Amino acid sequence: MNIQEVIVFAVYLLFMVGIGVFFFIKQKAGGEKTLFLGNRQMGPWVAALSAGASDMSAWVLMGLPAGIYAVGMGQIWIPVGLAIGYTLSWFIVAPRLRRFSIVANDSITIPQYLTNRFLSKSKALQVICAVVFLTAYTVYAASSVVACGELFNTVIGIDKTVAMIIAAVIIIGYTFLGGFSAVCWTDFFQGMLIFGAMLIAPIFAAASLQGGTTEVITDAAYWNPVTNWKDIVSGLAWGLGYFGMPHIIVRFMSIGSAKHMKKSAIIGIVWTLVVLICAALIGIVGRMYLGFDENMGQLVFIKMVRSIFPALISGVLLSAILAASMSTADSQLLAASSAFASDVYKPVFRKNKASDKEMMWAGRIVILIVAVVALVIALAPGTKTIMSLVENAWGLFGAAFGPAIILSLFWKRFNFSGALAGILTGAVVDIAWLVFLNDGLGLLKLENPLGIYEILPGFVLGMIAAVVVSLMTKKPSEEVEELFDTAVNYKG
């Protein structure tokens, strides 16, 4: 344990809590729109960096570099797929989703938007979405808690269990208090920290390489990105997740005005591309700088930074792992909370009679419950790696919501039944593929016949189901078609 690193961590964590307290005082009289969407007042820089930081959890500093460190360039297709998907989501989904969510009765959550888009009075879609949200987000948030435990255990030497509890309490604290505004502003600062750390670490490590004291990677297989078609297809399929990732695309809905959209897109895309490139470089340079150690696991970035920089600087750079973990976990907690409070509690249990104050506290209670469940998953002895947890949650979201979001924005004939069929089919196929075929779970011990990431079959079959059911059922009413036309032409 190094006291300077501990001090840096403490100052950083207190700063995050301070932001939550600030927005708790500032927005004390707000309602659910304040808690879950920040009153649509996010500027381009905050929206862009918040979207990026909430996306890039600790796997980008620990999971992805570890894979490239151990296996080589065959893992590069994951960041390539993510870069393509993220870029397309900003240019294709973001502008329309912002307009459509405003026209669709000023929707503040994805389930609300999908229901209001079809002017439906049925709550089936909102309830199903909320169940998927709560399931996937608890798993996703658990990965962030695990990362915090790894960091504190490695750097400070405290027990992983204690470390995970501390991290969970702090994340709950500022999310519980400050809501969406606090989450976005903490993500903004954390996004800058992640960017700086990932840019600095591989550059200084590469500059420190000295001939005989470092490993020369002579294995041609390590440098070969074209291993087999399955790895390429699965890696590229990661990009599909961006079209249905609620805690990311809700940032598109929060942007203050249409004129800010292009600026936000440029900032967000550049940030993400640099971070993904640097994640790959950390794995490659880390292999050369540290040499190969089969027990290195997810600690490449941590060990590299601590061996190069003095404690004060390494403390700042290692705080990027905290930033990556917390910026994703807080967004997931808020999205899960909004899904239950706004889409189940208010319309189903309270019949839309809940006051603004009641909705604020209902949301906060759900934040607490989801965080506790995520902590229990993280502490469980059989919990998988950070990358595996992220992979499972990412696949479920992309397969379930991606097709419905895209079709709702671009296909006038798309209807409520098609949306329901697409979400259910995507979710069921994704889960079934993971449970019965994926080697990571494989409950029936069957071999995956294709060896591909479950998001791809889930997304494709979800899209097919959404289109087929829409065509087989009654076309949207004139009012729904008019809403579509109004949203397409909306200029606000």
Side-chain angles (χ1 to χ4, degrees), residues 1-28 35 38 42 45-46 49-50 52-54 56-58 61-62 141 144-198 200 301-302 305-306 309-334 337 364 367-368 370-372 374-375 378:
M1 180 173 67
N2 187 294
I3 190 63
Q4 293 182 40
E5 291 178 335
V6 174
I7 292 173
V8 171
F9 282 2
V11 171
Y12 170 78
L13 294 173
L14 286 173
F15 180 58
M16 294 297 104
V17 174
I19 293 175
V21 173
F22 172 79
F23 281 104
F24 176 73
I25 296 171
K26 182 179 179 181
Q27 302 174 159
K28 204 167 185 179
L35 181 66
M42 295 300 111
W45 278 93
V46 175
L49 291 188
S50 178
S54 64
M56 298 299 173
S57 61
L61 280 159
M62 299 177 74
S144 298
V145 176
V146 170
C148 290
E150 291 275 7
L151 177 65
F152 281 121
N153 178 258
T154 303
V155 177
I156 303 177
I158 64 176
D159 182 75
K160 284 186 181 181
T161 300
V162 175
M164 291 181 192
I165 294 173
I166 292 173
V169 168
I170 292 171
I171 295 168
I172 292 169
Y174 70 78
T175 308
F176 184 94
L177 293 171
F180 188 84
S181 294
V183 165
C184 282
W185 275 99
T186 54
D187 286 356
F188 170 74
F189 291 113
Q190 290 172 148
M192 291 193 294
L193 178 58
I194 295 167
F195 186 90
M198 296 195 70
I200 291 170
F301 178 77
I302 295 175
V305 165
R306 297 191 86 193
F309 299 99
L312 187 62
I313 297 176
S314 69
V316 174
L317 296 179
L318 291 177
S319 294
I321 297 178
L322 279 178
S325 304
M326 295 167 66
S327 62
T328 301
D330 56 26
S331 300
Q332 293 157 354
L333 293 178
L334 197 65
S337 171
R364 285 172 174 153
I367 288 171
L368 181 62
V370 173
V372 170
L375 179 60

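Note that this is a predicted model, so its numbers are computed, not measured.
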Run the numbers on Leu312 and Ile7 for side-chain contact (heavy atoms from CB on, under 4.5 Å), then give the verdict.
CA-CA 9 Å; Leu312 187 62; Ile7 292 173; over 6 Å; no
What pairs with [X] under side-chain contact (heavy atoms from CB on, under 4.5 Å), at least two apart in sequence or on another chain?
| X | value |
| --- | --- |
| Val162 | Asp159, Ile166 |
| Ala168 | Leu375 |
| Ile302 | Met62, Leu151, Thr154, Val155, Leu299, Arg306, Leu318, Ile321 |

Listing request: all salt bridge (charged side-chain N to carboxylate O under 4.0 Å, His left out) pairs with a residue in [range], at least two apart in sequence or in separate chains.
| range | result |
| --- | --- |
| residues 7-18 | none |
| residues 6-15 | none |
| residues 7-22 | none |

Could you name each residue pair satisfying side-chain hydrogen bond (donor to acceptor under 3.5 Å, both in side chains) that touches residues 309-318, not counting sequence neighbours?
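Sorted result for residues 309-318: Glu5-Ser314.
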Straight-line distance of Leu193 CG to Met198 CE, nearest 0.5 Å
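Here the interatomic distance stands at 11.5 Å.
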Under 4.5 Å between any side-chain heavy atoms of Ile313 and Ile200, yes or no?
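A side-chain contact under 4.5 Å is absent here.
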Mind checking side chain to side chain donor-acceptor pair (under 3.5 Å) for Ser319 and listing every partner two or more places apart, or none if nothing turns up?
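Per chain and number, Ser319 pairs via side chain to side chain donor-acceptor pair (under 3.5 Å) with no residue.
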